[in-house]
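Residue numbers start from 1 in every chain, and the chains themselves are labelled A, B, ... in the order their sequence lines are given, proteins ahead of strands.
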There are 2 protein chains.
Amino acid sequence: MSAAEREMLAVLAEHGFRATRPRRAIVQALCEADAPLTLSALHRAARARYPKTGLATLYRTLEVLERCGLVHRIQLNGESYLMACADQSLHYHLVCVKCHKVVEVHAPQAEEWLGALARQHGFTMSAAPIEVRGVCAACRT
Amino acid sequence: MSAAEREMLAVLAEHGFRATRPRRAIVQALCEADAPLTLSALHRAARARYPKTGLATLYRTLEVLERCGLVHRIQLNGESYLMACADQSLHYHLVCVKCHKVVEVHAPQAEEWLGALARQHGFTMSAAPIEVRGVCAACRT
DNA sequence: GTACGTGCAAATATTTTGCAGGACC
DNA sequence: GGTCCTGCAAAATATTTGCACGTAC
C-alpha cells in the first residue's frame, strides 16, 4: 500500500467513514493510476481489485472522497476525469492535454504571487490544487 | 449587443459556423450572465431570448462553442457550470465558491512565473484560462 | 439554392434511489 | 452488536440521435 493510499484512508477515517473493501479498491485504483481516470476506467480498475464493486457504490464513494477533498474532477478535451490528491495545501497540477499525465508542483514563490494577486481583488484562495493545462515534454515532439 | 458577444459570433464565423437565432440566444445568455450558469439555467436564459430553443440545440451549440474555445466548464462544489470567455490568452479566473462570481485577471508577472515553473518541468502551457478557487470579499464577511 | 441547423420525439446513457442483507469497528 | 455500506435492480435524469423541415449565407 502506497503512502498516498494510506493517507487517503486515514483522512476518510478522520471523517468517520469506514474503510470497506470496495472503497479500498477504488482508492487503490486511483492511487496507482499514472493519469486521471474516466469513471468507467475507474470502475474497471476497481473491479480488477474487488470484482463485486458496484457502480452505485463507485458513485457513492466518489461523493465521499470529493467531500473530503481527496478526489478532484478535471475536464480534459471535453471529457471528465477523476484523480486522487490527498495534499490539501495550495499547489499546481500541470496537466498534459495529450497524454493526460499530471505533474504535481509546489512552488512557494509562484503561490505567493498568485496569493498577492488574489488579495488585490479581495479574494482569499482556497487550499485546493490549481489545474494548469499544457503539453508535456514527451508529447511536444 | 456587447463586445464579448460580438467577439464570440465573429470567432464562430471564422470557424465556419452560422449565427442562427438559437445560437445567438445562447451566446447572449452566456455573455449577460454575471456568473457561470448551470445547463438548465442556461436553457432557461436562452429560452427567455428565443423561446423555441431546444435542449438538443443547446447541447450541440455548447459543443461547438467549447470546440472554438469560447465556453468553459467549471466545477463548483460538485456542480458543473458553463461560462463564456472569448479571451484566448493566458489569464486567471478568480472564482468565488460561495457566490460563483468570476473575476478575470491578467497579471503578466504571475503568468511569467507560472510559465517558468512549467518550463522547468518540460511543460508548455496552453493559452487557456486558469481557474483559481477562493472566496470573494463580499462573501468572506 | 443549398448546405448547415433546427425542433421534436425516440433511443441511449448516466446517475440516483430503495431495500434486504453483509461487513466493519 | 449496531450502524454504516453494499450490490442489485428499478427509477429518475441527462444526453444523443434520426429525421423532416427551416433559414442563414
Whole-Å distance, A/Leu58 CG to C/dA13 C1', equals 16 Å

Comparing B/Gly16 with B/Ala56, nearest DNA chain C nucleotide closer to 5' gives the residue B/Gly16

From CZ of B/Arg24 across to C1' of D/dC25 the rounded distance in Å is 12 Å

Whole-Å distance, B/Leu62 CG to C/dT6 C1', equals 15 Å

Student check: side-chain heavy atoms of B/His100 and B/Cys96 closer than 4.5 Å
no

Rounded to whole Å, CZ of B/Arg47 lies from C1' of C/dC8 at a distance of 11 Å

Answer yes or no: is there an ion pair linking A/Glu32 with A/Arg49, defined by an N-O contact shorter than 4.0 Å?
yes

B/Glu63 CD to D/dA14 P, in whole Å, measures 19 Å

In whole angstroms, the gap separating P of D/dC25 from CG of B/Leu12 amounts to 11 Å

Requested in this report: Go through the N and O atoms of the side chain of A/Arg18 and the base of D/dC5, and report whether any donor-acceptor pair is under 3.5 Å.
Outcome: no

Comparing B/Phe17 with B/Arg60, nearest DNA chain D nucleotide closer to 5' gives the residue B/Arg60

Atom CG of A/Leu55 and atom C1' of C/dT17 are separated, to the nearest Å, by 13 Å

When you measure from the side-chain N and O atoms of A/Thr20 to the phosphate of D/dC5, is any distance below 4.0 Å, counting only OP1 and OP2?
no

With distance as the sole criterion, do the side chain of B/Arg21 and the base of C/dG5 form a donor-acceptor contact below 3.5 Å? no

In whole angstroms, the gap separating P of C/dT16 from CD of B/Glu79 amounts to 10 Å

Heavy-atom side-chain contact between A/Arg24 and A/Leu9 under 4.5 Å: yes

>> Classify the ring geometry of A/His93 against A/His91: parallel below 30°, tilted from 30° to 60°, perpendicular beyond 60°.
In response: perpendicular

At 4.0 Å (heavy atoms only), tell me whether B/Arg23 reaches a base, stays on the sugar-phosphate, or touches nothing.
sugar-phosphate

- Main-chain N/O of B/Ala45 paired to B/Gln28 side chain as donor or acceptor, under 3.5 Å: no

Does A/Tyr59 make a side-chain N or O approach to OP1 or OP2 of C/dT15 shorter than 4.0 Å?
yes

